[in-house]
Protein chains: 2
Amino acid sequence: MASSSPSTPGIDTSTVHIDLGDRSYDILIGEGLLGQAATYQGLPKSSTALIVTNTTVGPLYTATLRAALQGQHKQVLDVELPDGEQYKDWPALNTVFTTLLEKAADRKTVLYALGGGVIGDMTGFAAACYMRGVPFVQVPTTLLAQVDSSVGGKTAINHPAGKNMIGAFYQPQRVVCDLASLDTLPQRELLAGLAEVIKYGPIADAEFLAWLEANMPRLLARDKAALKHAIQRSCEIKAWVVGQDEKEAGLRAILNYGHTFGHAIEAGLGYGEWLHGEAVGCGMVMASDLSQRLGLISADTAARITALIERTGLPIKGPQLGADRYIELMQVDKKAEAGEIRFVVIDELGKASMRPAPDAIVRDVIAANT
Amino acid sequence: MASSSPSTPGIDTSTVHIDLGDRSYDILIGEGLLGQAATYQGLPKSSTALIVTNTTVGPLYTATLRAALQGQHKQVLDVELPDGEQYKDWPALNTVFTTLLEKAADRKTVLYALGGGVIGDMTGFAAACYMRGVPFVQVPTTLLAQVDSSVGGKTAINHPAGKNMIGAFYQPQRVVCDLASLDTLPQRELLAGLAEVIKYGPIADAEFLAWLEANMPRLLARDKAALKHAIQRSCEIKAWVVGQDEKEAGLRAILNYGHTFGHAIEAGLGYGEWLHGEAVGCGMVMASDLSQRLGLISADTAARITALIERTGLPIKGPQLGADRYIELMQVDKKAEAGEIRFVVIDELGKASMRPAPDAIVRDVIAANT
């Protein structure tokens, strides 16, 4: 986690290492990294590379990334997928495979995921499956992807019956977090990313939660130094969790704090209606309320979490889907076992665990927060 | 590789162990194994299991397998896919996912692949991807699947532009080879399976090739003891190769002897026209001819391989697709690199390697063998 290679004055580049044996890799965090050839040094060279991006991000950054990759690959292809969670599906994924096969891309081909969480998850899954596995690099351009989805090797597409149901654990070769790419991020997406940043406080680091409470105005104003600290601390916590439990046999599930309710909101409204981070923000409010009703945390602590989410500008009331529908959607959550829903709850600030909850209490939580 | 637990007189059950660290597993070879509860002892128990089979094999064996699994799972579901290589595609794979999600199958669910190579490859890939990975068991009912495709963890579906282009390395928990299931195998499929048996001679074991020459009449008459020896020796060789190179970084590619030409035949004619084993049989003739033209083996040796394939009743002349089309199809083979086709050639009987070949010689091979 040492600092090195300055980019623009005041912001050095930091490195967070993910330790997974022969699948270990670095997360680079700095300003202007995306367009610098040095960023990609030491990565696999190959005759062909494919940049996978979307119609929003592609026009902004594909040319810059392609130029930076000239020393790594003979030809750098690109494919633009439609933008949005509702396109995180098989037809869009197959567009990537068809592009690769039409260009006779071999199994040394390197994929670059240039975009947010949807692009990262899909590109990672495409890399996991193309010819049974090719290398890939994450170049996340949203805050949400930089602090969460690009790190840790969870890749997937959605199925109409459930989010991220079809996927793989497949680690990238490197993650490149360029703070400059956050300049072009719409405010709504910035807030959605902050939901995943906030997450790390209650589950793992009470001190970080206090820092977020003190620095939320700077983050909302996109202060680069504040954003860099938030990204780095988030990645450090995620690295620590993933390093212990790569395939979510246990501990890693705490990273899904707010996600059980959140996935139900996303699926219930139809993907793309709420942003993933918005659903997670609201889901954390519901999961905190659940933790309080289970007697794990005080009303003050639950209120403190809710207040931070509200100050961030994220929704704190879920859509009125009805308790039955919420429960039905949560029963297909990947953490469920034999039909029993398992929630990530806060045991105390900075510590989380996973457990089932009585149906009546879950219904109370839904009634009180929608 | 010790023998144990007799089933019917004269045929003991043998075990071949695949050594892959924490992904190690056993191949059981015997008669009547499919329907015996003891066969599945020690495998993961779970509330839900799904038997994936096809419309041909399902009516013959699903009920028997379900009965044998009663002690392992609370509910045993099944899904029947259409039968044939032309259905080794996304829509059929998605049928498996939809079935699992409709039944709210959790991530402890165990999948059972009951059928031939297509069912094994698709079930394995479904298991690799469902909720990012659930356990699966191979119950191959064809000779081809018992000696080759069910062993070693290669899973995949086809893309219109190439065979097995979308897949994963994902190991089963166990492989159950029931000799009794070969009784119902159509003769054409028996021969296709023998192609993959023959393969192991030239690439790894000249003595086994001599045994096959001496025992081909017994194999064609479905002599159980002969079939058992052929399956066991094939699995032992495959276990040895896969144990050294699980993800085909090098050595494992020799198992694709005959497959470069063979895949071109299958894709060129349209999947399902020729059986995979038929295409591989003919592909081995072409690859032997190539080996001879490259000066690696004598004309006598090449003729010996061709004679055995012909005596087995497999095609030794490929379809006339034209050399350009063959080459185009072989350039998207997974072993190709930067557009250069790489062939598995026989260096001497029992020893193979992978190398490119001059275009003119490849064209001569195609002209002489189609």
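Values in this document were obtained by computation on a predicted structure and should not be read as measured data. Every chain is numbered from 1 and lettered A, B, ... according to where its sequence line falls, protein lines coming before strand lines. Side chains are part of it too, since the values below use all heavy atoms of this structure and drop only hydrogens, waters and symmetry mates.
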J.: Side chain, backbone, both or neither: which part of A:Ala128 has an atom under 4.5 Å from a heavy atom of chain B?
T.: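 The backbone, not the side chain.
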J.: Which atom pair, heavy atoms only, marks the closest approach of B:Arg107 to A:Lys334?
T.: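 So the minimum-distance heavy-atom pair works out to NE-O, 3.1 Å.
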J.: Mark yes when over 12 heavy atoms from residues, nucleotides or ligands other than A:Tyr87 sit less than 6.0 Å from its OH; otherwise mark no.
T.: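 Open: at most 12 neighbouring heavy atoms sit under 6.0 Å from OH of A:Tyr87.
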J.: Is B:Lys335 in contact with chain A via its backbone, its side chain, both, or neither, using a 4.5 Å heavy-atom distance?
T.: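 Contact with chain A involves both backbone and side-chain atoms of B:Lys335.
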J.: Answer with side chain, backbone, both or neither: which region of A:Tyr170 has an atom nearer than 4.5 Å to a non-hydrogen atom of chain B?
T.: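 Nothing of A:Tyr170, per the 4.5 Å heavy-atom cut-off to chain B.
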J.: In terms of heavy-atom pairs under 4.5 Å, which option from A:Thr155, A:Ile157, A:Asn94, A:Asp333 contacts chain B the most?
T.: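 The residue among A:Thr155, A:Ile157, A:Asn94, A:Asp333 with the greatest pair count is A:Thr155.
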J.: Most heavy-atom pairs under 4.5 angstrom with chain B, which of A:Ala161, A:Ala126, A:Gly167, A:Ala336?
T.: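 Heavy-atom pairs under 4.5 Å are most numerous for A:Gly167.
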J.: Just so I understand: if I count every heavy-atom pair under 4.5 Å between each of A:His159, A:Gln331, A:Glu102, A:Lys74 and chain B, which residue has the most?
T.: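 The candidate making the most pairs under 4.5 Å is A:His159.
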J.: Of the listed residues (B:Glu337, B:Lys154, B:Arg132), which shares the most heavy-atom pairs with chain A below a 4.5 Å separation?
T.: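 Highest number of heavy-atom pairs under 4.5 Å: B:Arg132.
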J.: If you tally heavy-atom pairs under 4.5 Å against chain B, which of A:Leu101, A:Thr98, A:Val332, A:Asn164 wins?
T.: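 So the answer, after comparing A:Leu101, A:Thr98, A:Val332, A:Asn164, is A:Leu101.
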J.: Under 4.5 Å from any heavy atom of chain A, what part of B:Lys108 do you find: side chain, backbone, both or neither?
T.: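 Just the side chain, heavy atoms under 4.5 Å.
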J.: Can you tell me which portion of B:Glu248 sits under 4.5 Å from chain A's heavy atoms? Options are side chain, backbone, both or neither.
T.: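 When you check distances to chain A, atoms from both the backbone and side chain of B:Glu248 fall under 4.5 Å.
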J.: I'd like to verify something: which residue of A:Ala338, A:Ala168, A:Ala105 has the highest number of heavy-atom pairs under 4.5 Å with chain B?
T.: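 Answer, by heavy-atom pair count under 4.5 Å with chain B: A:Ala168.
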